[in-house]
Amino acid sequence: MPLYQPVSFINGQWEGAISGATFDVINPATGDVIEKVADLSAAECVKAIDAAQEAFPKWAVLTAKERAVALRCWFNLIHEHAEELTHLITEEMGKPLTEARGEVVYGASFVDWFAEEGRRIYGDVIAPHMADKRILAIKQPVGVVAAITPWNFPLAMITRKVSPALASGCTVVIKPSEDTPLTALAVCELASRAGIPAGVINCVTGMDAPAIGRVLTSDTRVRKVTFTGSTQVGKILYRQSAESVKKISLELGGNAPFIVFDDADLDAAVDGAILCKFRNAGQTCVCANRILVQSGIHDQFVKAFTARVVTMKVADGKTKGSDIGPLINADGRAKVEEHVKDALSKGATAICGGHIHEAGPLFYTPTVLTGVNTEMRMASEETFGPVAPIYKFDHDEEAIALANDTRYGLAAYFFTEDLSRTFRVYEALDYGIIGINTGIISTEVAPFGGVKESGLGREGGPHGIEEFLETKYGCIGIKP
Ligand code: ADP
């Protein structure tokens with residue numbers, strides 16, 4: 001039995017659009033149409049909210065253990081189908097198979113973690129203010145959740161939101177990216193096979209994201225919106241959610257600095273920068289967007305880093321040994337090209353790369369630029385591609401000021417062997433996530449999220465489940 005049908009998943013059923021309309025899902029490596037998927041109208045998405053609303057009381061009333069058993073079964077099924085999911089991710093999104101395989105493991109880890117975390121939701125018994133009163137604070141699921149997700153992690157961005165929602169007793173309507181709906185649908189099918197009841201998890205597919213977004217944010221039955229994507233769309237959803245005062249979590253854009261101090265372990269810093277910059281062809285919100293290197297180590301770093309970059313294999317993610325797959329689409333490629341052109345026109349030097357790769361129209365050659373400065377577009381905008389711009393600095397204060405000179409505040413990284421500097425810089429960076437002597441920070445056990453215009457709320461870790469809970473205060477009068 002196939003892992004998905006190319007339609008929406010509503011109330012445990014596969015549902016096409018009434019109009020019969022579809023949209024194409026394209027393999028970015030080849031340009032081939034992989035699938036034609038049902039293009040639901042916004043009005044049809046209301047059915048998914050109806051289903052989630054109806055399922056909510058029955059799901060919420062289960063014990064945390066009963067929900068954990070279903071989630072654990074879902075986790076096992078994701079692992080059993082890891083190879084199919086891996087290929088699906090690479091086909092619709094483009095990342096190399098090794099990375100897609102990693103995403104399946106990473107994505108599944110949220111299901112497992114929150115299955116356990118759901119059993120550790122506690123409340124409080126508070127010392128009363130009067131002798132004839134007793135005071136409780138209990139935690140309850142917020143209700144129906146709308147989860148709007150991006151294309152760069154088609155599986156993990158769904159499980160990171162849906163697992164804590166389900167574990168806490170909420171029900172969900174997912175709106176996956178129109179670029180990558182297939183993995184989302186496959187994950188829903190596996191949830192259904194795991195015994196998660198009809199209506200608890202729904203997935204609406206459609207091209208008109210703004211219209212679907214308006215339905216999800218205007219319906220008063222939806223009590224929480226959780227979104228990962230651009231800052232621009234996040235702000236729209238924040239505004240729209242204000243009307244019915246929904247809870248909201250936003251995981252938005254970043255402009256991650258990656259700072260290498262003179263006393264850094266050079267090999268570790270180069271390894272960290274390669275992983276942090278080029279994972280997913282540079283298409284993650286925590287990818288290093290600005291590499292700041294202290295003058296004493298600058299030339300050595302550029303040499304060692306570039307020596308690694310030029311060995312990276314650019315090819316279809318399905319090709320053995322591929323390190324860099326295609327960019328997601330022509331818009332993504334155009335942005336990378338414009339940023340590089342702008343930097344070169346303002347005095348940057350391309351040490352390697354700086355052009356489209358012969359593997360195909362959406363493949364971009366891994367690029368190292370030196371002499372980058374704050375006048376260039378890539379200093380303030382997220383490039384979202386395999387381009388490493390290197391800035392030179394002299395003093396710690398200068399690096400911190402440069403790093404913080406952005407409206408974003410998601411992830412930042414730095415490399416140093418000095419303990420005092422470690423604490424000074426860790427505390428001074430205005431970011432929600434700090435990688436110290438490492439380029440990889442994502443894990444299900446830690447709170448992931450940004451400050452400033454990078455978002456609100458945290459995903460993962462013990463903090464992740466709080467986002468889906470309300471605190472209900474109970475004041476009990478007793479006879480003394
Ligand atoms: P990206 O540039 O990474 O694709 P977007 O913020 O455009 O990021 O998209 C992230 C998700 O938000 C996708 O599922 C997309 O369909 C959805 N989306 C885009 N625009 C809107 C909108 N106005 N309202 C609701 N969802 C939207």
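As the structure lists them, so they are numbered: ligands from 1, and atoms in each ligand from 1.
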Practice task
List for me each residue that meets side chain to side chain donor-acceptor pair (under 3.5 Å) alongside Thr383, sequence neighbours excluded, and say none if there are none.
Solution key: His339

Practice task
State whether a side-chain donor-acceptor pair under 3.5 Å links Asn255 with Asn289.
Solution key: yes

Handout entry: Lys341/Glu337 salt bridge by N-O under 4.0 Å criterion
Key = no

Could you give the side-chain donor-acceptor pairs of residues 194-201 under 3.5 Å, partners two or more places apart or in another chain?
none

Completion exercise
Per the under 4.0 Å non-hydrogen criterion, ligand 1 touches Ile148, Thr149, Trp151, Lys175, Pro176, Ser177, Glu178, Ala209, Pro210, Gly213, Phe227, Thr228, Gly229, Ser230, Val233, Leu237

Practice task
May I have all residue pairs that pass salt bridge (Lys or Arg N to Asp or Glu O under 4.0 Å) and include part of residues 76-86, sequence neighbours excluded?
Solution key: Glu83-Arg101

Exercise for the section: Flag the pair Lys224 / Lys246 as yes when at least one side-chain heavy-atom distance between them is below 4.5 Å, and no otherwise. Expected result: no

